[in-house]
Structures are given as C-alpha cells and as structure tokens.
Amino acid sequence: LSAILSFALITAYISILVSNFFGFSVVIINLFLFLIPAMVFVLNGQLNPQQALTFPNNPIKNWGLEIVNLKLAILVIFILFSVFYLLFSVFRVWSADTDYALGKQYNRAGEYEQAYDYLVNASQKRPGEPLFADELAINTTALALTAIQKNQSTAAANFANEAVRQSSYAIKTSPNNPTFWRSRIRVFTALAQMDEKYYEDALLAAQKSTELSPTDPEIFYNYALILTQLGQVDEAIAQMKKAHNLKPDYREPIYALGIIYHEVASDENAIAQMEYIIKNIASDDAQAAEKLLEWRGY
C-alpha cells in the first residue's frame, strides 16, 4: 500500500512541476510542493516524525549547535534588515517621485504655493536629485514674483535666493543638460523683473544654451530678447536672424525683429518683416497687419 501511495504522490508531484513550468502556481499548489516529498519520506520510513526535531544530549555537540544557531540567527537578522532597508529605500524613491509629479502638476496649473510643499518634500526624500532642484527653482521664482507683487520684499528675496541656489545646483550636477539651462534662462529672466542685475546671469545661461542646442531656434530667440533688454541691439538682430534661418515659419523672432527695426528707425526693414509674416506664415495675423497699417501710414 505504501508503495502505491508513494507512486501516486510522486506522480502528483511531477504533475505539479509540469504545471508550474508551463503555467503559474497558486498558494495551495505550493503547499503540496513541499508536503508531498515529506509524505513520501514518512511512508517509506526515511523520516521519523517522533525524532525529527530531537538532538543528542552530547554537551559538546550541543554547544557546537548553539554556535551554529547563533550564526544562523545573526544571518537571518542581517538578511531581514537588508530586505527592510531595500524596501524602505524603494518606497522612499516612489514617494519622492510621487511628490515631484504632484508638485510639477501644480506648477503647470499655476498653483505655486501648493506645488512648493510637494517639491520640498520630494527634495528632502531624495536629496541631490537635480531634476527636483530644477523644478523647485522654477517654483520659487514664481513665488518670488508673487511675493513682490504683494509688497513682501523679504519673502521675495528669500524665494529669489532659493531659486538661484536650486538652479545653480542643478547646473553644477548636470552641467551639459540643455533642459536645465533653458530653465535657468527662464528663472533669471523672470527674476530680472525684480532686479535687472539678473539679466547678466540670464545672458550667460542663454549663451551656454546656444552651445548645447545650436539647432534650437527658440534658444536663439530668447537669447536675442535678453540682448535687447541689455541694449545690445545689433547682436540681438543677429540672433533673431539665426532663429529665423533655423525655422523660417517661426513667427516670434520675425515679429520681434520688425519691432526692433522700427525702434532703430529702419522702417523699410520693419515693414518687410511684417509682410513676410502675412505672406508666408499667417495671412490673418492681426498684429502684423496692424503694424503694417501703422507704419505705412494708411
């Protein structure tokens, strides 16, 4: 009888192995995966359940067993601690990424105060992450402008300093990341509304961006706008032309170029820019049509 039962159990065990290989296991099947071999051993007298957990009373051997158990306990504790640490680290990364995503969404929605708390939490959970620093720089820049509008000069200065610090850290950590340099242009151009000294920093960021992204017309357009604010008109015109050459249907630099030409009393060139917009980009451009009407005088 035991031989028949053993054969049946072994056959069942093989079927479990086949099932697990081609399919997937469930809890009860895994239970049988370990119980069936034990049943076979018991049926064949290879495992005595009455003596399975007994040890000889030899004190020397017992002492050696205690050492083995102690080492095993230490190993188990070490493994458990390592697993807990890894799980905690993964959870912390997930939590930080979640806070960052929420903060970024609030930033895009213009809810800067709500975004600030999430972004700070994300940076605290994953210190040293330049992506978080870059987004926090954009956020604190917006908060600085909001504070200055409310005549909160101290808060505005603190937020501005924080924006500069976060942007500088992101650039220091990833000096060749074009996205961070674009954000830096945005940060300093916005802060220049509070203090024009920031235009110089914005100019340096724009120069670096043109080196990293020499085929991006928007970079050259922003560079030209900063040059215009600094009074470097000739260089601004040159950068506007570069943006136009890179993307002939890019309206903004052409329109801005027309405005610049008009301000330097080059109305013929100014009119030519607006005519280009009407003929080649948007025939219904109301702003360009209005400028043409104004500058032609009819």
Side-chain angles (χ1 to χ4, degrees), residues 107-110 112 137-138 141-142 144-146 148-149 160 163 167 171 177-298:
N107 255 1
R108 300 300 179 268
Y112 299 112
I138 295 173
T141 298
L145 296 179
T146 301
I148 205 68
Q149 291 173 358
S167 177
I171 293 301
N177 189 317
T179 301
F180 293 166
W181 282 103
R182 289 192 191 96
S183 296
R184 192 170 178 83
I185 297 173
R186 177 181 173 185
V187 166
F188 284 115
T189 302
L191 292 178
Q193 299 177 38
M194 296 170 46
D195 192 332
E196 292 186 353
K197 69 178 183 180
Y198 290 114
Y199 274 125
E200 292 294 338
D201 295 298
L203 182 65
L204 293 175
Q207 289 173 339
K208 180 65 176 180
S209 293
T210 58
E211 296 173 7
L212 295 174
S213 305
T215 60
D216 188 342
E218 186 177 355
I219 293 295
F220 288 95
Y221 170 61
N222 290 328
Y223 185 20
L225 291 179
I226 297 169
L227 289 167
T228 302
Q229 293 295 329
L230 293 172
Q232 301 180 30
V233 178
D234 291 338
E235 183 62 22
I237 291 174
Q239 298 304 321
M240 289 290 186
K241 289 181 177 179
K242 286 183 181 180
H244 171 56
N245 291 334
L246 287 170
K247 194 174 189 299
D249 60 345
Y250 187 17
R251 175 193 179 277
E252 279 69 19
I254 304 171
Y255 183 85
L257 194 56
I259 298 298
I260 294 174
Y261 277 133
H262 177 70
E263 290 178 352
V264 297
S266 181
D267 285 345
E268 182 179 347
N269 288 327
I271 290 172
Q273 304 308 312
M274 300 306 166
E275 288 178 341
Y276 182 91
I277 293 176
I278 297 295
K279 293 178 181 178
N280 299 288
I281 299 177
S283 59
D284 58 346
D285 192 304
Q287 287 183 311
E290 182 181 354
K291 290 301 180 182
L292 281 175
L293 184 63
E294 177 186 342
W295 295 340
R296 285 172 174 169
Y298 58 86

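Keep in mind that this is a model prediction, so the values were computed, not measured.
- Between Ala163 and Val187 the shortest heavy-atom distance is CB-CG1, 4.2 Å.
- Residues Ser167 and Ala137 approach most closely at N-CB, 3.7 Å, considering heavy atoms.
- Minimum heavy-atom separation, Ala202 to Ile226: O-CD1, 3.6 Å.
- Around atom CD of Glu275, more than 12 heavy atoms belonging to other residues, nucleotides or ligands sit under 6.0 Å away.
- Put simply, the side chain of Tyr276 gets close to the backbone of Pro248: a donor and an acceptor are under 3.5 Å apart.
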Start with the C-alpha distance between Gln193 and Ile148, add both sets of side-chain angles, then the distance that settles side-chain contact (heavy atoms from CB on, under 4.5 Å), and finish with yes or no. CA-CA 10 Å; Gln193 299 177 38; Ile148 205 68; over 6 Å; no

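- Glu218 places a side-chain heavy atom less than 4.5 Å from the side chain of Tyr250.
- Side chains of Asp267 and Tyr261 form no contact here, defined as non-hydrogen atoms less than 4.5 Å apart.
- Within the 4.5 Å cutoff, the side chain of Leu230 has no heavy atoms near those of the Glu235 side chain.
- We find the OG1-CG distance between Thr210 and Asn222 to be 11.5 Å, quoted to the nearest 0.5 Å.
- Taking all atoms of both residues into account, the shortest heavy-atom contact from Leu191 to Ala160 is CD2-CB, 3.9 Å.
- One finds a salt bridge joining Lys247 and Asp249 here, because a Lys/Arg side-chain nitrogen approaches an Asp/Glu carboxylate oxygen to under 4.0 Å.
- Atom-to-atom distance recorded for Thr141:OG1 and Tyr112:OH is 10.0 Å, nearest 0.5 angstrom.
- The structure places OG1 of Thr228 at 8.5 Å from CD1 of Ile237, a figure rounded to the nearest 0.5 Å.
- Using a 4.5 Å heavy-atom cutoff, the side chains of Ile185 and Ser209 are in contact.
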Would you sort out whether Met274 and Ile277 count as a side-chain contact (heavy atoms from CB on, under 4.5 Å), showing the intermediate values? CA-CA 5 Å; Met274 300 306 166; Ile277 293 176; 4.2 Å; yes

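- By the 4.5 Å heavy-atom criterion applied to side chains, Ile259 and Gln273 are not counted as neighbours.
- Interatomic distance, NE2 of His244 versus CG of Leu257, reported as 8.5 Å (0.5 Å rounding).
- Annotation: side chain of Ile271 is not in contact with side chain of His262 (no heavy-atom distance under 4.5 Å).
- Smallest separation of non-hydrogen atoms from Ser213 and Ile219: CB-CG1, 4.4 Å.
- Rounding to the nearest 0.5 Å places CG of Asp285 at 10.5 Å from CD1 of Ile254.
- Side-chain contact between Phe188 and Leu203 is absent, with no heavy-atom pair separated by less than 4.5 Å.
- The closest side-chain heavy-atom distance from Gln207 to Tyr223 is below 4.5 Å.
- In this structure, CG on Asn177 lies 7.0 Å from CD1 on Ile171, to the nearest 0.5 angstrom.
- More than 12 heavy atoms of other residues, nucleotides or ligands shown are found within 6.0 angstrom of CZ on Arg251.
- Contact detail for Ile138 and Ser183: the closest heavy-atom pair is CD1-OG, 3.8 Å.
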